[in-house]
Amino acid sequence: MFLADANPLNASELIFPALECIHIAGFALSVGTIAIVDFRLLGLGMRHQTAAEIAKDLGPWTLFGLAIMLFSGPLLFSSDPDMYYLNRSFQVKMVLLALAIVFNYTIRRKTALSGASPLRSRLVACISIALWVGVVFGGIFIAFVGQFV
Amino acid sequence: MSISETIQSIGFMTDLRESALVFPIMLTTHLSCIAVFGGMILMTDLRLLGLAMTGRSVTDVVGQFRIWKRVGFCIMVTMGAMLAGSEAVKYSANPFFWGKMTLLVLMGVHALVFRGSVYNNTAEIDRLPAIPTRAKVAASLSLALWFGLVCMGRLIGYYEAPQEKAAVSQQVTVAAHVPR
């Protein structure tokens, strides 16, 4: 069982911030590559390629970024599980993260790869971006939530 | 009044600092931009290293991301300047903030140094049988600078000014001496 006091991650003041930096890098890689496809679905950029081509190119990097994020995230969580578990912003973040990942690998994937209609593509891209911004928002607010609740 | 006090006393900077909601919202925007536009920088670098999007020409990758990287850079710097400006006194005493500024300047130097031979020379790079070392060096340095910036940015929040630390330990000492 992980108790905050017995957790080796709490042995040094530097480990937590170092993990956070890795977490942000993984997040930039995964969400960044997802956003590039979303931009294409919105018709805003990378128009020399189809959304399907870009999605195929970037897929492995999205997965790599997600792996980094999902590895460092639970380690960060383990440094103070009670605080996170009870933090309303963290709870919202986890729900949005689950929704974002599921959405990404079901509806959005299908839309990007099958060349759906512009309207559907745009709608899907907007939902995807909104979900991920929500995840970031939830993450930032973990540190601020005490001021509201 | 010092410069940093003057900056953070500007009307909207004070409003920003004192609002419980605006500061985190701007942080979220700042971070979202890091993902979207930082992600594009990552993919450009990985393309130049021959690791990602290898089916597309360097010209395609660099050219199509360029406009968005510029837009993103503007939003990110605006957000960052406002975040730092609203807490100018704290930030100006923070070594990680200055570390981040130094890396930003180095990023500018990097752009100037490699502009002609790499980023504006993609058609030539595409013609060559292999990606030239110079382009790979540019991409590697860019990746290192990028990660350094993220780290410095994150560490800004962890720095405690000496007087703050002293104040906290003083409080603790006082508290410890309160008779029970």
Side-chain angles (χ1 to χ4, degrees), chain A residues 13-14 16-40 42 44-50 53-62 64-65 69 89 93 129-130 132-149, chain B residues 18-47 51-57 59-72 76 83 96 143 146-160:
Chain A
E13 278 182 7
L14 266 175
F16 190 85
L19 267 176
E20 274 188 313
C21 294
I22 294 169
H23 193 62
I24 297 174
F27 143 78
L29 190 57
S30 54
V31 180
T33 48
I34 288 170
I36 292 171
V37 181
D38 287 339
F39 269 48
R40 179 64 188 86
L42 285 168
L44 288 175
M46 334 302 138
R47 303 189 63 161
H48 296 179
Q49 279 82 40
T50 63
E53 283 173 330
I54 298 173
K56 271 184 207 148
D57 278 353
L58 299 182
W61 294 97
T62 305
F64 184 45
M69 204 164 55
S89 186
K93 180 182 178 180
I129 291 170
W132 286 111
V133 171
V135 173
V136 181
F137 207 76
I140 294 276
F141 260 82
I142 290 172
F144 289 88
V145 81
Q147 298 173 12
F148 303 101
V149 183
Chain B
E18 288 172 354
S19 159
L21 211 64
V22 175
F23 199 83
I25 288 176
M26 292 190 64
L27 265 180
T28 305
T29 314
H30 193 61
L31 208 63
S32 299
C33 285
I34 290 176
V36 178
F37 309 106
M40 290 183 185
I41 295 177
L42 286 180
M43 291 333 282
T44 308
D45 291 338
L46 291 171
R47 174 66 189 91
L51 292 173
M53 304 186 87
T54 43
R56 320 279 156 226
S57 69
T59 308
D60 245 11
V61 175
V62 172
Q64 293 192 92
F65 285 160
R66 182 166 278 167
I67 177 78
W68 288 108
K69 285 200 282 193
R70 284 185 185 160
V71 171
M76 208 151 46
L83 287 169
F96 294 113
L143 279 178
W146 186 95
F147 191 59
L149 267 175
V150 167
C151 291
M152 287 295 167
R154 189 56 285 227
L155 287 171
I156 286 172
Y158 282 93
Y159 177 71
E160 260 180 72

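In this text the structure is predicted, and so the values were computed from the model without any measurement. Letters A, B, ... are given to chains in the order of the sequence lines, protein chains preceding strands, and every chain is numbered from 1.
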Check whether more than 12 heavy atoms from other residues, nucleotides or ligands sit under 6.0 Å from atom CZ of B:Arg66, and answer yes or no.
yes
Interface moiety of A:Ala35 toward chain B, non-hydrogen atoms closer than 4.5 Å:
side chain
I want to check something: taking the side chain as every heavy atom from C-beta on, are B:Leu21 and A:Phe141 in contact at a cut-off of under 4.5 Å?
yes
Heavy-atom side-chain contact between B:Leu31 and A:Ile140 under 4.5 Å:
yes
Name the region of B:Ile41, side chain, backbone, both or neither, that has any atom closer than 4.5 Å to a heavy atom of chain A.
neither
Heavy-atom distances under 4.5 Å only: say whether B:Ile67 touches chain A with side chain, backbone, both or neither.
neither
Pairwise side-chain contact, A:Lys56 with B:Met53, heavy-atom cut-off 4.5 Å (strictly under)
no
side-chain contact (heavy atoms from CB on, under 4.5 Å), that's the test. Do A:Asp57 and B:Met43 meet it? Break it down for me.
CA-CA 10 Å; A:Asp57 278 353; B:Met43 291 333 282; over 6 Å; no
Applying a strict 4.5 Å limit to non-hydrogen atoms, the region of B:Leu155 in contact with chain A is side chain
Quick one: CD on A:Glu53 to CZ on B:Arg56, what's the gap to the nearest 0.5 Å?
4.0 Å
Separation of B:Phe147 CZ from A:Ile22 CD1 (nearest 0.5 Å):
5.5 Å
Under 4.5 Å, counting heavy-atom pairs only, tell me which of A:Leu44, A:Val135, A:Thr33 racks up the most with chain B.
A:Leu44
Are the side chains of B:Gln64 and A:Phe39 in touch, meaning some heavy atoms are under 4.5 Å apart?
no
Heavy-atom side-chain proximity of B:Phe65 to A:Ile36 below 4.5 angstrom:
yes
In Å and rounded to the nearest 0.5 Å, what is the CZ to OH distance from A:Phe16 to B:Tyr158?
4.5 Å
B:Arg154 to A:Cys21 - nearest heavy-atom pair and separation:
CB-SG, 3.9 Å
Could you check which of A:Gly65, A:Pro17, A:Gly139 has the highest count of heavy-atom pairs closer than 4.5 Å to chain B?
A:Pro17
Residue selection (most heavy-atom pairs with chain A, distance under 4.5 Å) from B:Gly63, B:Gly38, B:Cys151, B:Gly55
B:Cys151
A:Phe64, CZ: over 12 other non-hydrogen atoms inside 6.0 angstrom
no
What distance do A:Leu58 atom CG and B:Leu42 atom CG have between them, rounded to the nearest 0.5 Å?
11.5 Å
Atom CH2 in A:Trp132, atom OG in B:Ser32: separation rounded to 0.5 Å?
12.0 Å
